[in-house]
Amino acid sequence: MSKNAAASEATPSKPKLLVVDDEESIRTQLKWALAKEYEVLVAEDRPRALEAFLAQRPEVVILDLGLPPSPDAVSEGFAALEAMRREDDLVKVIVSSGRSERENALQAIGRGAYDFLPKPVQVDELRLILARAFHVARLEREYRELQQQVTGRSYEGMLGASPQMAEVFTAIRKVATTDAPVLITGENGTGKELAALAIHRLGARKDGPFVAINCGAIPEALLESELFGHEKGAFTGAHIQRKGRVELARDGTLFLDEIGDLSAPLQVKLLRFLQEHRIERIGGREQIEVDVRVIAATNRDLKTAMREGRFREDLYYRLGVVVIVLPPLRDREGDVPLLATTMLQRFSAEAKKKIAAFTPQALRAMERHQWPGNVRELENRVKRAVIMAEGTKITPADLDLDSAAARYEGTTLKEVRDAVEREFVQRALKRHNGNVTRAAAELDISRPTMYELMEKLGIPREQ
């Protein structure tokens with residue numbers, strides 16, 4: 001490969017901007033003024049504009065409404081706008097118009113234009129409008145890509161694109177074809193019941209019942225009856241015969257959630273059932289044969305519980321022929337935005353609110369958060385955000401992730417101070433297009449002090 005080719009490959013491509021105007025002087029002025037930031041394409045009429053648009057697919061277009069062959073009318077401009085939006089509904093079209101055409105520009109916005117730019121064009125103002133337009137275009141395209149990825153990354157109701165979840169999906173697919181008992185471990189909120197349901201749906205018992213019971217949520221005195229059932233008159237209040245969850249799951253799957261909370265006597269009875277595939281209802285003498293697959297789950301460390309004598313070793317190995325470990329959300333690389341986007345779609349539709357996406361700050365806040373409650377916590381925060389949001393985008397405050405302490409957790413006071421100073425200086429420079437004097441005036445410091453700050457914070461002079 002030649003040096004020139006290698007250099008060309010190493011240089012990142014500039015965003016593409018299409019300028020459509022019948023005046024050559026305006027096209028030339030904008031091309032030269034914006035060449036540093038953008039790859040500027042130009043066209044003088046609708047046919048050439050559409051040709052360039054289809055060939056180059058620019059994210060942003062500056063469009064004059066008065067184009068040949070009718071430069072004094074707006075029909076050609078409107079036709080170009082509609083044609084571009086038919087091809088790409090995310091394109092940001094900025095209508096360029098004189099003051100007398102303001103009404104037409106507003107009409108164009110009603111037809112889908114992003115903004116309007118009054119003539120004569122002020123380059124500083126144009127740069128701000130373009131920066132915002134490209135930023136919004138990029139966010140919307142990233143959001144749409146996430147939407148398109150969702151269907152391809154959903155697995156029997158479970159969602160994830162991380163390598164960690166790919167391993168889980170592979171394990172589920174393999175174990176579902178067998179009848180072996182499965183033990184699913186993981187923190188609260190990681191989706192253990194969803195994993196169990198996926199195994200059931202993919203297996204030979206999918207047409208049978210899926211019966212779940214939380215062993216930690218039912219008092220010990222009632223749990224045996226809930227599991228194995230009872231005969232009429234077996235105890236006070238047993239007015240009728242009642243089948244337990246084990247029987248109700250016949251020919252299907254029994255899901256025992258929080259199995260680590262099971263008492264020692266019930267561990268013995270469960271072990272006996274797993275060995276013999278028979279149960280005896282409370283107060284009964286009949287041995288009832290039950291064909292059922294057993295999947296158990298826990299958030300506890302059962303190996304520690306075995307060492308401490310709180311959980312039977314023989315029961316552990318009966319339940320855990322195959323063990324599937326669900327990773328915490330904080331360890332699932334890249335899954336937070338994917339999950340959050342899916343939840344946002346669902347909750348905003350349920351609430352009948354038009355919320356388009358998360359702000360970049362909200363996405364960063366979610367990526368920094370440790371998610372101690374895992375997927376369940378994320379779901380609750382996104383649902384809250386949809387309710388609390390006042391705009392069309394979710395902010396960190398909507399998610400209740402706007403804590404400065406959380407933002408700078410694990411950093412020193414000096415690092416926090418430098419980070420805040422750097423952010424303020426960079427924002428001021430950006431607002432003033434790199435003009436140090438104006439940025440310093442806004443921050444109420446002298447120009448030499450501004451240069452000292454920039455040097456200390458590692459901010460280059462050319463922004």
Side-chain angles (χ1 to χ4, degrees), residues 175-186 192-193 195-197 199-200 203-205 208-325:
V175 78
T177 60
T178 74
D179 232 10
V182 180
L183 177 63
I184 303 170
T185 67
K192 295 187 286 293
E193 185 166 351
L197 193 55
I199 293 169
H200 171 73
R205 298 176 180 267
F210 178 85
V211 178
I213 181 169
N214 188 324
C215 300
I218 299 172
E220 185 179 341
L222 300 176
L223 186 54
E224 183 179 357
S225 174
E226 284 291 321
L227 279 170
F228 302 110
H230 61 256
E231 297 291 350
K232 181 180 179 181
F235 50 82
T236 303
H239 301 302
I240 59 172
Q241 182 197 76
R242 185 183 177 200
K243 292 181 179 180
R245 303 291 179 93
V246 175
E247 276 189 86
L248 294 174
R250 178 179 271 121
D251 298 324
T253 300
L254 175 67
F255 176 55
L256 301 170
D257 200 6
E258 302 308 340
I259 193 70
D261 293 338
L262 210 60
S263 68
L266 282 180
Q267 288 181 36
V268 174
K269 293 189 176 183
L270 179 60
L271 176 62
R272 187 179 301 127
F273 163 66
L274 291 172
Q275 290 170 335
E276 300 173 1
H277 301 286
R278 290 185 179 88
I279 63 164
E280 192 175 292
R281 299 191 193 112
I282 297 175
R285 299 192 176 186
E286 180 189 1
Q287 291 284 316
I288 303 167
E289 191 166 335
V290 182
D291 177 23
V292 64
R293 179 180 198 164
V294 176
I295 301 176
T298 183
N299 65 348
R300 296 179 181 272
D301 184 347
L302 293 187
K303 290 185 177 178
T304 299
M306 284 191 294
R307 287 195 298 271
E308 295 173 353
R310 292 181 287 107
F311 199 85
R312 295 182 64 96
E313 186 174 349
D314 46 4
L315 177 58
Y316 175 84
Y317 289 112
R318 278 282 180 181
L319 291 169
V321 174
V322 177
V323 178
I324 296 176
V325 181

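Just so it is clear, the structure is predicted and the values come from calculations on it, not from any experiment.
- Nearest heavy-atom pair, A249 versus V292, reported as atom, atom and distance to 0.1 Å: O-CG2, 3.4 Å.
- When the options L248, I259, L227 are evaluated for a side chain to side chain contact (heavy atoms under 4.5 Å, CB included) with I213, the one that passes is L227.
- Inter-residue side-chain proximity for I218 and E258 is flagged as unmet; no heavy-atom pair is nearer than 4.5 Å.
- Residues L223 and C215 approach most closely at CD2-O, 3.7 Å, considering heavy atoms.
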Take R307 and D301 through the salt bridge (charged side-chain N to carboxylate O under 4.0 Å, His left out) test and state the conclusion after the steps. CA-CA 10 Å; R307 287 195 298 271; D301 184 347; 5.1 Å; no
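- One finds a salt bridge joining R281 and E247 here, because a Lys/Arg side-chain nitrogen approaches an Asp/Glu carboxylate oxygen to under 4.0 Å.
- Summarising the geometry of F228 relative to L266, their closest heavy-atom pair is CE1-CD2, 4.4 Å, with the distance given to 0.1 Å.
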Could you walk me through whether E226 and R242 pass the side chain to side chain contact (heavy atoms under 4.5 Å, CB included) check? CA-CA 9 Å; E226 284 291 321; R242 185 183 177 200; 3.2 Å; yes
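- Using modelled atom types, one side-chain atom of R250 and one backbone atom of E289 make a donor-acceptor pair closer than 3.5 Å.
- Put simply, CE on M306 and CG on L315 are 10.0 Å apart, with the number rounded to the nearest 0.5 Å.
- Between the T178 side chain and the V175 main chain, a donor and an acceptor come within less than 3.5 Å of each other.
- The backbone N or O of A180 lies less than 3.5 Å from a partner atom in the side chain of R293, making a donor-acceptor pair.
- Ion pairing between E224 and K269 holds under the 4.0 Å rule for side-chain N and carboxylate O.
- In this structure a side-chain-to-backbone donor-acceptor pair under 3.5 Å is missing from H230 to G244.
- One distance of note links CD1 of I279 with CD1 of I288; it measures 5.0 Å at 0.5 Å rounding.
- Atom OG1 of residue T185 and atom NZ of residue K303 lie 9.5 Å apart, to the nearest 0.5 angstrom.
- Judged by distance alone, with hydrogens and angles left aside, the side-chain atoms of E193 form no donor-acceptor pair with the main-chain N or O of F255 at under 3.5 Å.
- Exactly one of V182, I199, I295 qualifies for a side chain to side chain contact (heavy atoms under 4.5 Å, CB included) with T253. That residue is I295.
- Here the CZ atom belonging to R310 is positioned 10.0 Å from the CG atom belonging to D261, to the nearest 0.5 angstrom.
- The nearest pair of heavy atoms linking L319 to L274 is CD2-CD1, 3.7 Å.
- Atom-to-atom distance recorded for Q241:CD and E231:CD is 4.5 Å, nearest 0.5 angstrom.
- With respect to the salt-bridge test (charged N to carboxylate O, under 4.0 angstrom), the residues E286 and R278 do not qualify.
- Closest of all the heavy-atom pairs between Q267 and R312 is OE1-N, 2.9 Å.
- Of the residues listed (L270, D179, L256, V321), the one engaging V294 in a side chain to side chain contact (heavy atoms under 4.5 Å, CB included) is L256, and it is the only one.
- Note: Y317 OH to L183 CG = 11.5 Å, rounded to the nearest 0.5 Å.
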